[in-house]
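What follows is a single structure, written as structure tokens, with notes after it.
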Amino acid sequence: MTDTEPAAAVREIADSIATMEIRGAATIASAAAEALAVQARAAAGGGETASDPSAFRTSIRSAARTLRETRPTAVSLPNALRYVLQRMEGDSVDALRRSVVDASEAFVRQLDRAQEDLGRVGANRLTDGDTVMTHCHSTDALACIEAAVEQGKSISAVVKETRPRQQGHITAEQLRDAGVPVTLIVDSAARRYLDEVDHVLVGADSIAADGGVINKIGTSGLAVNARERGVPIMTAAQTIKLHPETLTGHTVEIEMRDESEVIDQEAREAVGEIAVENPAFDVTPPRYMDAIVTEQGQFPPESIVTLMRELFGEGAVEPWEEP
Ligand SMILES: O=C(COP(=O)(O)O)[C@H](O)[C@H](O)COP(=O)(O)O
């Protein structure tokens, strides 16, 4: 291993993201930003990179590429890397290290603040006595319910378990801890329970320029059913979920995960030669989504492109590539 390759601690963080020990778009983003700070400290601490600014920069870019390759769908990951890399500056290794560590810390602070602000916007859509249906585990979505509870509103939740990884269990525990009465249901029971809820609330891994919401597999079916039942559905998503590449017509890659998450070894052997597929995310067309709630306010999905142009100009940069 050369001195410009990612530090072992960075590779461990990348592995934890790939295996989903670290998961959820916002959490992945802050872990990625923090990993760049880890790399900066390691690279400034010894070897060839400690005295060579160009080797230091190469090592940070290489760490960013390793992190970038872990999961393809949550754009918060490359957006976090962009934020830090665009602020890497200085003529000495010491100055470069400081700029990366400072940017990483600023990013995490901004992320936390954005989630709080978004929570207040989302809470305004909820009324005392409402029941909310959730899918998967989204810290942005939970922030809305928690803010509503803090405002003194009494909120109940119907929580979909979310096959195959059952992130709904994490949502159920966190809502219970926040004092929200929770009913856990299997995914296929969702339509039956839609008649008993006032809102559907989901998070997002990416939001496309056309207002399409990319979130945990099953979100789009839930949204279509919610529309048919007349239940409003909102996405809680900080602006780091906006996908700049979609401004230039690129589509968002949907992660396909291992079949072992869907079927265990014994069942696999019993069913024999069949195909098993495990897409982790799907796309909800904008016409099935009522609102996208961000830290900058709420938007109809079709208007999100205006905010994206303000934030990103006409497209994305890839600062982790070597110049
Ligand atoms: O789809 C998921 C998580 O998928 P996975 O478990 O496969 O990572 C979440 O709804 C979004 O990432 C938003 O989460 P947050 O609001 O916390 O960013």
Side-chain angles (χ1 to χ4, degrees), residues 13-33 67 70-80 83 107-108 110-119 121-123 132-147 157 159-175 178 187 190 200-208 212-223 233-243 252-258 260-262 278-284 289 292-295:
I13 296 170
D15 282 349
S16 300
I17 295 173
T19 58
M20 291 175 61
E21 268 160 73
I22 297 174
R23 50 144 298 280
T27 309
I28 290 171
S30 64
L67 293 158
T70 52
R71 294 192 76 190
T73 306
V75 75
S76 52
L77 171 51
N79 282 348
Y83 182 99
F107 178 81
V108 174
Q110 196 169 299
L111 202 68
D112 292 345
R113 213 174 26 238
Q115 195 165 74
E116 257 177 56
D117 292 347
L118 165 160
V121 177
V132 177
M133 182 179 284
T134 64
H135 183 58
C136 197
H137 169 257
S138 156
T139 56
D140 283 350
L142 283 180
C144 301
I145 301 179
E146 284 163 2
V159 171
K160 291 179 73 221
E161 75 175 342
T162 316
R163 278 273 293 155
R165 296 287 294 239
Q166 301 189 320
Q167 292 94 328
H169 292 193
I170 311 171
T171 301
E173 279 173 34
Q174 292 188 354
L175 285 175
D187 294 311
V200 173
L201 172 57
V202 296
D205 287 83
S206 284
I207 295 190
V213 171
I214 296 90
N215 190 48
K216 180 53 55 190
I217 190 81
T219 303
S220 63
L222 177 61
I233 172 163
M234 64 168 149
T235 296
Q238 303 178 48
T239 51
I240 54 154
K241 314 286 180 65
L242 303 180
H243 202 305
V252 178
E253 184 182 343
I254 300 293
E255 178 181 11
M256 300 298 287
R257 293 190 63 84
D258 198 83
S260 61
E261 293 183 341
V262 176
N278 184 17
F281 301 99
D282 66 19
V283 185
T284 301
M289 191 58 66
I292 296 175
V293 169
T294 78
E295 74 277 16

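Note that ligands are numbered from 1 as they come in the structure, with each ligand's atoms numbered from 1 the same way.
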Would you say ligand 1 has an N or O under 3.5 Å from any N or O of Arg71?
yes
At a 4.0 Å cut-off, with the gap strictly under it, does some heavy atom of Lys241 reach an atom of ligand 1?
yes
Distance alone, cut at 3.5 Å: any donor-acceptor contact between the side chains of Ser260 and Asp258?
yes
Is the contact between Lys216 and ligand 1 made by the side chain, the backbone, both, or neither, using heavy atoms and a 4.0 Å cut-off?
both
Give the contacting part of Arg165 toward ligand 1: side chain, backbone, both or neither, where contact means a heavy-atom distance below 4.0 Å.
neither
Ligand 1 contacted by His137 (non-hydrogen, < 4.0 Å):
yes
Got an N/O contact under 3.5 Å between Thr27 and ligand 1?
no
Quick check: Ala236 and ligand 1, any N/O pair under 3.5 Å apart?
no
Are any of the N or O atoms of Gly203 closer than 3.5 Å to those of ligand 1?
no
Looking at ligand 1, does any of its N/O atoms fall within less than 3.5 Å of an N/O of Cys136?
no
Does Arg163 offer a backbone N or O that forms a donor-acceptor pair with the side chain of Asp187 under 3.5 Å?
yes
With backbone taken as N, CA, C and O and side chain as the heavy atoms from C-beta onward, which portion of Ala204 lies under 4.0 Å from ligand 1: side chain, backbone, both, or neither?
backbone
